[in-house]
> 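Here you go, one structure.
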Amino acid sequence: MSVVSYSFFAFLAIAVLLYYIVPKKLQWVILLGASIYFYAMAGIQFLAVVLLTAVVVYFLAMLMQKNIDKQAQMVQGMDRKAARAVKNDMKAKRKKILVLALVIVIGVLFVFKASGFCIKNINRLLGMASMAEIPDWNLIAPLGISFYSFMMISYLIDVYNDKAKAQKSFLKYLTYVLYFPHVTQGPIAKYDEVAPQIFSGHRFSYDTVTQGLWLMMWGYFKKLVIADRLSSFVTAVFNHSGDYQGTIFIFAGVMYSIQIYCDFSGCMDIVRGASECFDIRLGENFERPYFSQTLPEFWRRWHISLGAFFREYVFYPVSTSKLFLKLNTFGRKYLGNDWGRNVASCLPILCVWFLTGFWHGANWNYIFWGLFHGVLICLSTMFEQPIEHLTVKLNIKRDCISWNIFRMLRTFFLCVIGRIIFMGHGVRAAARMLYSSVAHADVFYNVETIGLTHNEWLIVIASCIVLLLVSVAQEMRMQAGNNETIRQWLARQNLWLRWVVLLGGMLAILVYGVYGSGVGAAFIYEQF
């Protein structure tokens, strides 16, 4: 059931109605039933995979919680040295449970997401050695497996570290995992952020539901009017890249950057708005990333929940591990404090970005895309001080708007290069597009003959101007220290203005939205 379908509207309306009719202590049951129904619409067999994985995670998390509770009882009245010995012993036992749980969750994710990639590459080697090839499994990944698997991993690690208490009720834990607004594309919500909201009662509030619907409308505008319209042009270029050459790939990369932002952030607005109708707030996943002046800032604003997951559960554990602490010491000894520290910090960054690329898909172009960003972020870290000294020597004013705009455009252009790598049908195709963009920069095409008509390009331009104006207004408010959103500001305005914006937005979506089963119907991040 797509969140841009009419059936989703009917489903959401019924779920919200039942949610506020039943007693508060049973509201989470409505969410569980709605979530199971929503997920089952994608296939009962996929629901079985989620349920089996959730059962394993639930019982192993309960075992870790019993370990923690027993540890708390054992250390009572002990001196510090004895208590430390008990804690170390109990933590070692708990760690074995955690490792088993992570192996199962990551193993299931790997089988569905990466087994085909591994078999394909193994068969290449076997073919070179004239040996029999391994049959491809041709597995279809369950809906949202990358997202709910990461939520399970964060839950397990938080229980292991005693940052969250294991949920005693399996059905309540399943409600957190399958909560339908975030199960398909995120945001990746930590248990202690969402669970208290899901399991506490909520009273109906007209303002709360209205605010949620406002956010949903903005998401539909970005998805249906901009992203799905641009999909025709972007798909025509990248799916037939051999038919083109020159700057068309840079232009397609720019359009794809706009498309994927409107597609993914639009989905986030829709699901976050739907969640707000239940008075449950999901975390913000995008904060106007194209206003970023550096790549690290960009990735703090883009897919925020994924970045936070990798930072907390991969980067910090890896960078503070015994191996990397030894590397840090070794690097400082032979390379000096500055370069030694940089080299040691860059290795965990590269690990994170390798996994980020692999998470998006088991394909070499995704992996190279991840490493491309990882290398650039490492270089920006290593040369931050030299570049700062250079700007001072060149007497460049860094507090003026022209410098800020230059840095934004520079960061955006680097992201566009990454998008071309990302969209290439193989590393060779991506390399050819990048090479052609430079070597044949004098070749131009009439874009009105590729996927979109003249009038459709006018709609894209007008819609992007609206998107830019709203984003600039919100960014300026944030820079001024005002965290009030545009929809909160609209809620304080006169009734006539609210209705003008509401009717104008609905009319734009209905008239200019792209509907049907075309190339832009599905959300881009559903495949990840």
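Being a predicted model, the structure only gives us computed values, none of them experimental.
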> After noting the C-alpha distance and the side-chain angles of Arg477 and Trp489, does the key distance pass the side-chain contact (heavy atoms from CB on, under 4.5 Å) rule?
CA-CA 11 Å; Arg477 295 170 72 85; Trp489 173 82; 4.0 Å; yes

> Looking at Lys393 and Glu388, does any basic side-chain N land under 4.0 Å from a carboxylate oxygen?
no

> Between Gln479 and Glu475, does the side-chain contact (heavy atoms from CB on, under 4.5 Å) criterion hold? Intermediate values first, please.
CA-CA 6 Å; Gln479 295 294 338; Glu475 184 72 9; 3.0 Å; yes

> With a 4.5 Å limit on heavy-atom distance, are the side chains of Tyr220 and Val225 in contact?
no

> Could you tell me whether a side-chain N or O of Asn482 sits under 3.5 Å from a main-chain N or O of Glu484, the two making a donor and an acceptor?
yes

> What pair of heavy atoms forms the shortest contact from Cys118 to Phe110, and how long is it?
SG-CZ, 3.4 Å

> Between Ser146 and Trp359, what is the shortest heavy-atom contact and its length?
CB-NE1, 3.2 Å

> Please identify which of these residues, Thr356, Ile153, Leu355, meets the side-chain contact (heavy atoms from CB on, under 4.5 Å) condition with Val314.
Leu355

> Do Thr235 side-chain atoms and Ser232 backbone N/O form a donor-acceptor pair below 3.5 Å?
no

> Roughly how far, to the nearest 0.5 Å, is the SG atom of Cys262 from the CZ atom of Arg229?
12.0 Å

> Using a distance-only test with no angle check, is there a side-chain donor-acceptor pair under 3.5 angstrom linking Ser275 and Tyr179?
yes

> Quick one: CD1 on Ile188 to CG on Asn285, what's the gap to the nearest 0.5 Å?
7.5 Å

> Out of curiosity, Ser471 OG to Met476 CE, how far, rounded to the nearest 0.5 Å?
13.0 Å

> Determine yes or no for a side-chain-to-main-chain donor-acceptor pair under 3.5 angstrom, with Ser231 supplying the side chain and Ala227 the backbone.
no

> For the residue pair Trp457 and Phe251, categorise the inter-ring angle as parallel (less than 30°), tilted (30 to 60°) or perpendicular (more than 60°).
tilted

> Minimum heavy-atom separation for Leu215 and Gly273, please, with both atom names.
CD2-N, 3.7 Å

> For Pro187, does its backbone N or O pair with a side-chain atom of Ser305 as donor and acceptor, under 3.5 Å?
no

> If you count the non-hydrogen atoms of other residues, nucleotides and ligands that lie under 6.0 Å from CZ in Arg428, is the total more than 12?
no

> Going by the ring-ring contact (aromatic ring centres under 6.0 Å, His included) test, name the single residue among Phe354, Trp353, Phe368 that passes it with His373.
Trp353

> Hey, does the side chain of Tyr176 reach the backbone of Ala189 with a donor-acceptor pair shorter than 3.5 angstrom?
yes

> If we only count heavy atoms from C-beta on, is the Ile349 to Phe315 side-chain gap below 4.5 Å?
yes

> May I ask you to decide whether Arg300 forms a salt bridge with Glu287, counting only side-chain N to carboxylate O separations under 4.0 Å?
no

> Determine, stepwise, if the pair Tyr39 / Phe180 fulfils ring pair (Phe, Tyr, Trp, His ring centres under 6.0 Å).
CA-CA 7 Å; Tyr39 201 91; Phe180 72 88; over 10 Å; no

> What distance do Ser265 atom OG and Arg288 atom CZ have between them, rounded to the nearest 0.5 Å?
11.0 Å

> Would you confirm whether the ring centroid of Tyr290 sits within less than 6.0 angstrom of the ring centroid of Tyr261?
yes

> When rounded to the nearest 0.5 angstrom, what is the spacing between CZ in Phe291 and OG1 in Thr411?
13.0 Å

> Minimum heavy-atom separation for Gly253 to Phe238, with atom names?
N-CZ, 4.0 Å

> Run Ser463 and Tyr512 through side-chain contact (heavy atoms from CB on, under 4.5 Å) and show every step you take.
CA-CA 10 Å; Ser463 301; Tyr512 299 114; over 6 Å; no

> When you compare the side chain of Leu224 with that of Val514, does any pair of heavy atoms fall below 4.5 Å?
no

> Work out which heavy atom in Leu282 is nearest to a heavy atom in Val271; give both atom names and the distance.
CD1-O, 4.3 Å

> With heavy-atom distances below 4.5 Å as the criterion, would you say the side chains of His182 and Phe147 are in contact?
no

> For Ile401, does the CD1 atom sit with more than 12 other heavy atoms under 6.0 Å from it, leaving out its own atoms?
no

> Do Asn239 and His425 pair up side chain to side chain, a donor and an acceptor below 3.5 Å, judged on atom types alone?
yes

> Please confirm whether the backbone N or O of Glu276 pairs with a side-chain atom of Gln211, one donor and one acceptor, at under 3.5 Å?
no

> State yes or no: are the ring centers of Phe358 and Tyr366 separated by less than 6.0 Å?
no

> Determine, stepwise, if the pair Ile450 / Ile248 fulfils side-chain contact (heavy atoms from CB on, under 4.5 Å).
CA-CA 10 Å; Ile450 307 174; Ile248 188 67; 4.1 Å; yes

> Determine, using ring centers only, whether Phe286 and Phe264 are less than 6.0 Å apart.
yes

> If you take all heavy atoms of Gly424 and Met433, which pair is closest and at what distance?
CA-CE, 3.7 Å

> What class does the angle between the rings of Trp302 and Phe298 fall in, given that below 30° is parallel, 30 to 60° is tilted and above 60° is perpendicular?
parallel

> Does some side-chain heavy atom of Cys415 sit less than 4.5 Å from a side-chain heavy atom of Leu295?
yes

> Could you tell me if the ring centre of Phe372 sits under 6.0 Å from that of Trp369?
no

> Under 3.5 Å, side chain of His440 to main-chain N/O of Ser436, donor-acceptor pair present?
no

> Over 60° means perpendicular and under 30° means parallel, so classify the ring planes of Phe309 and Tyr313, tilted if in between.
tilted

> Checking the side chain of Ser292 only, and the main-chain atoms of Thr294 only, is there a donor and an acceptor separated by less than 3.5 Å?
no

> Is a side-chain donor or acceptor of Glu297 paired with a backbone partner of Gln293 at a separation under 3.5 angstrom?
yes

> Hey, are the side chains of Phe249 and Arg432 touching, using non-hydrogen atoms and a 4.5 Å cut-off?
yes

> Taking the side chain as every heavy atom from C-beta outward, state whether Ile106 and Ser149 have any atom pair closer than 4.5 Å.
no

> Indicate, with yes or no, if the rings of Tyr155 and Phe150 have centres closer together than 6.0 Å.
no

> Between Asp228 and Lys223, is the salt bridge (Lys or Arg N to Asp or Glu O under 4.0 Å) condition met? List the steps.
CA-CA 6 Å; Asp228 285 0; Lys223 165 64 177 170; 2.8 Å; yes

> Going from CZ on Arg498 to CZ on Arg487, what distance comes out if it is rounded to the nearest 0.5 angstrom?
14.5 Å

> Is any NZ, NE, NH1 or NH2 atom of the basic residue among Glu284 and Arg272 found under 4.0 Å from an Asp or Glu carboxylate oxygen of the other?
yes

> Classify the side-chain pair Asp263/Tyr256 by whether it contains a donor and acceptor separated by less than 3.5 Å.
no

> With the threshold set at 4.0 Å, does a side-chain nitrogen-carboxylate oxygen contact exist between Lys222 and Asp269?
yes

> Would you confirm whether Gln488, through its side chain, and Thr485, through its main-chain N or O, come within 3.5 Å as a donor-acceptor pair?
yes

> Any heavy-atom pair between the side chains of Glu448 and Thr453 that's under 4.5 Å?
no

> Verify the neighbour count for atom OH of Tyr445: are there more than 12 heavy atoms of other residues, nucleotides or ligands below 6.0 Å?
yes

